[in-house]
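Have a look at this one before I ask anything.
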2 protein chains.
Amino acid sequence: MSEQPESSHANHVAVVDLLGALSYAQLSGFGALAGDAQLAPDLGAKSEVARMAAMVFGQFEQVRARLESLGADQVQTMAPFVDAIDSFHERTRPSDWLEGIVKAYVGDGIARDFYAEVAQYLDAGNRSFVVELLRDEGQASFISTTVRTAIAADSRLGGRLALWARRIMGEAIQQAQRVGVERDSLTALLVGGEHGADLAELGRMFARITDAHTRRMENLGLTA
Amino acid sequence: MSEQPESSHANHVAVVDLLGALSYAQLSGFGALAGDAQLAPDLGAKSEVARMAAMVFGQFEQVRARLESLGADQVQTMAPFVDAIDSFHERTRPSDWLEGIVKAYVGDGIARDFYAEVAQYLDAGNRSFVVELLRDEGQASFISTTVRTAIAADSRLGGRLALWARRIMGEAIQQAQRVGVERDSLTALLVGGEHGADLAELGRMFARITDAHTRRMENLGLTA
């Protein structure tokens, strides 16, 4: 921990928990995207979505290295979060290609915002690691283009996919809350402790996540 | 093509076809491994197999760059090989985790040997690109350890998995033959042309692939 002399023990536990939750979100996200690639309608789309999956796995590896530098084993740190995140994926199993990529776009966006928001309560070194890692570099522009094109060709799709995206949002928020209460360290970070948020701030955090979700829906050409 | 001044037109076509077939083998192999990760019995195994999938995708990206430098579009070059390779995967769908990783180990090994053998008939630059790319760096030692441990714990598994691996071998050889005859350029490479193999050499090539398969079976603790 020589890199972060400011880290308290509570911060250390919270960092490890947050990176563990993020790791399992990434490992599952990788699996979901790889599954979407199997549903792709052509080789170009299949390659693009497989590329997104591999990119998520690359981030998972960066988190593993970070956890190692903190003396933590990634596999162990993921365990407490498996149930919450698996249950999200079980409750949002896409029935076709477009549902799959809308889920990836909307779900990954919410997850990214959530982890970046929680990281605000960590020490500076780990905060900037998480924020840099999750920076949106427009990797998913392939998805927004594909979805917009599909809706343009069949307007009834817009309604169905908007409904689907709202369901993803609802389930993702529930998952975020479950992750937040799964471990005392994260709960303390979010709703108390010396540097933690208060409930009003927590409300503002979820409002920001909702706003960003609305913008992403617009990018897809969907009504939030 | 300034890199390979010795490349004839026939060689160029064969290189592009071979890299196209290899690309689709890698893209499908990525999908199969990512599917195996979903069947993994624990988080450590899941992470390991996802890591192997991401590594295969990294090689797919290297082939893409190579194809681009040859003025070819990877997506287009894959198309002629989709049926043969998809049919291999449909005919060898694993029913559980161990079948999945045995298939990955045995099938990837055969594919790697096959593409490296065919690359022997290309110009020096492309030959060494393929051979270096497919060099076995022991990435799959996780699989051999896992399979040996499982067989040690339940001896009846050995018979079932040996039968399964023999089926993979049979289907893979058929797939290799289909890939070889799918395109005139590859057929010419393998059974004729100025620098092509003759039928006796082709027989020796399949004998070498079979020998390597037998060694891999031994690594897994299976009877070939």
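Quick note on labels: first sequence line is chain A, next is B, and so on, each numbered from 1.
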| Which of residues 97-106 of chain A get closer than 4.5 angstrom to chain B, counting heavy atoms alone? | none
| query | Should we count CG of A:D184 as having more than 12 external heavy atoms under 6.0 Å? | reply | no
| request: Can you sort out the partners of B:S23 under side-chain hydrogen bond (donor to acceptor under 3.5 Å, both in side chains), two or more places apart, ordered by chain and number? | output: B:Q74
| If you tally heavy-atom pairs under 4.5 Å against chain A, which of B:A34, B:G35, B:A50 wins? | B:A50
| CZ-CE distance between B:F57 and A:M55, expressed to the nearest 0.5 angstrom | 8.0 Å
| Is there any residue in residues 36-47 of chain B with a non-hydrogen atom under 4.5 Å from a non-hydrogen atom of chain A, and which ones are they? | B:Q38, B:L43, B:G44, B:K46, B:S47
| note | The interface call for A:Q76 against chain B, heavy-atom contacts under 4.5 Å, is neither
| By a 4.5 Å heavy-atom criterion (distance strictly below it), what part of A:R51 contacts chain B: side chain, backbone, both, or neither? | both
| Residues of residues 78-87 of chain B near chain A, each having a heavy atom less than 4.5 Å away | B:M78, B:A79, B:V82
